[in-house]
Chemist: 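Take this structure, written in structure tokens, and hold onto it; I'll ask about it next.
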Amino acid sequence: MIKFVVWGAGDRGHIAAEIFGIDRIAAYIDSDPQKIGTSFYGKPIIDFAYYKNNYSVHAILISLAMEQSITEFLINENLFFFQY
């Protein structure tokens, strides 16, 4: 089964869990330092650096409602991602 890392451990992460199913999510990326190291739906919340070092085998899912800057950032990082 293919698993994804979801960008955002909040409302958008909740929507991703409902759409794709929590069993398809490996982790969540979030920029809020208070969330890093905790969990969301039982999955770890990580920062981008940790993703690159430990979860980069998984494609990133980002909400279409996310800022264009995140999309541009991932393109500049040469990373594969999906928008939903």
Side-chain angles (χ1 to χ4, degrees):
M1 171 185 338
I2 296 172
K3 291 191 175 193
F4 304 96
V5 174
V6 176
W7 195 294
D11 291 337
R12 292 175 185 99
H14 171 76
I15 292 168
E18 290 196 2
I19 292 172
F20 299 102
I22 196 62
D23 56 327
R24 302 284 308 267
I25 298 172
Y28 288 88
I29 297 173
D30 206 281
S31 59
D32 183 346
Q34 292 183 351
K35 292 181 180 180
I36 306 302
T38 64
S39 63
F40 191 68
Y41 285 95
K43 304 297 180 175
I45 301 175
I46 59 176
D47 62 14
F48 182 71
Y50 196 83
Y51 165 81
K52 283 183 72 173
N53 290 326
N54 300 281
Y55 283 84
S56 63
V57 297
H58 304 292
I60 296 174
L61 288 175
I62 59 171
S63 167
L64 287 172
M66 296 296 279
E67 296 178 17
Q68 182 66 26
S69 61
I70 293 173
T71 302
E72 290 172 6
F73 173 75
L74 293 174
I75 289 169
N76 289 336
E77 289 284 325
N78 199 30
L79 290 173
F80 189 75
F81 63 93
F82 293 100
Q83 291 180 297
Y84 66 96

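One is the number of the first residue; the rest follow in order along the sequence.
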Chemist: Check whether any side-chain heavy atom of F40 sits under 4.5 Å from a side-chain heavy atom of I22, and report yes or no.
Modeler: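 A side-chain contact is absent here, since even the closest heavy-atom pair is not under 4.5 Å.
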Chemist: Can you hop from Y28 to V57 via hydrophobic side chains spaced under 4.5 Å?
Modeler: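 No.
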Chemist: How about I2: does its CD1 atom have over 12 heavy atoms from other parts shown lying under 6.0 Å from it?
Modeler: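 No, because the 6.0 Å sphere around CD1 of I2 holds 12 heavy atoms or fewer from other groups.
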Chemist: Assert yes or no for the condition that the ring centre distance of Y41 to H14 is strictly below 6.0 Å.
Modeler: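 Under 6.0 Å, so yes.
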Chemist: Return the orientation label for the F73 and W7 ring planes: parallel under 30°, perpendicular over 60°, tilted otherwise.
Modeler: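 Ring orientation of F73 relative to W7: perpendicular.
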Chemist: Taking the side chain as every heavy atom from C-beta outward, state whether I62 and L74 have any atom pair closer than 4.5 Å.
Modeler: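 Answer yes - side chains close enough.
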Chemist: Is the CG atom of D11 crowded by more than 12 outside heavy atoms at less than 6.0 Å?
Modeler: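 Counting neighbours around CG of D11, 12 or fewer heavy atoms of other residues, nucleotides or ligands fall under 6.0 Å, so no.
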Chemist: For the hydrophobic clusters of this structure (ILVMFWY residues joined by side-chain heavy atoms under 4.5 Å, transitively), does one cluster hold both F80 and V6?
Modeler: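 Linked, F80 and V6 end up in one cluster.
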Chemist: How long is the straight-line distance from CD1 of I29 back to NZ of K52, given to the nearest 0.5 Å?
Modeler: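 One gets 11.0 Å once the value is rounded to the nearest 0.5 Å.
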Chemist: Side chain of D30, backbone of A9: donor and acceptor closer than 3.5 Å?
Modeler: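 The answer is yes, because a donor-acceptor pair under 3.5 Å joins these two groups.
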Chemist: Mark yes or no for whether Y51, through its side chain, and H58, through its backbone, hold a donor-acceptor pair below 3.5 Å.
Modeler: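 Pair found, side chain donor or acceptor close to backbone of H58.
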Chemist: When rounded to the nearest 0.5 angstrom, what distance separates CD1 in I45 from CG in D32?
Modeler: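 I45 atom CD1 to D32 atom CG measures 8.5 Å (nearest 0.5 Å).
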Chemist: Contact between P44 and Y55 at the side-chain level, heavy atoms closer than 4.5 Å - yes or no?
Modeler: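 Counting from C-beta outward, P44 and Y55 do come under 4.5 Å.
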Chemist: Do F20 and K3 have side-chain heavy atoms sitting under 4.5 Å apart?
Modeler: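 They are not in contact (no side-chain heavy atoms under 4.5 Å apart), so the answer is no.
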Chemist: In Å and rounded to the nearest 0.5 Å, what is the CD1 to CZ distance from I60 to F48?
Modeler: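 Spacing of CD1 (I60) from CZ (F48) equals 5.5 Å.
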Chemist: Should T71 and F81 count as side-chain neighbours, where that means a heavy-atom distance under 4.5 Å?
Modeler: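 Side-chain contact under 4.5 Å: yes.
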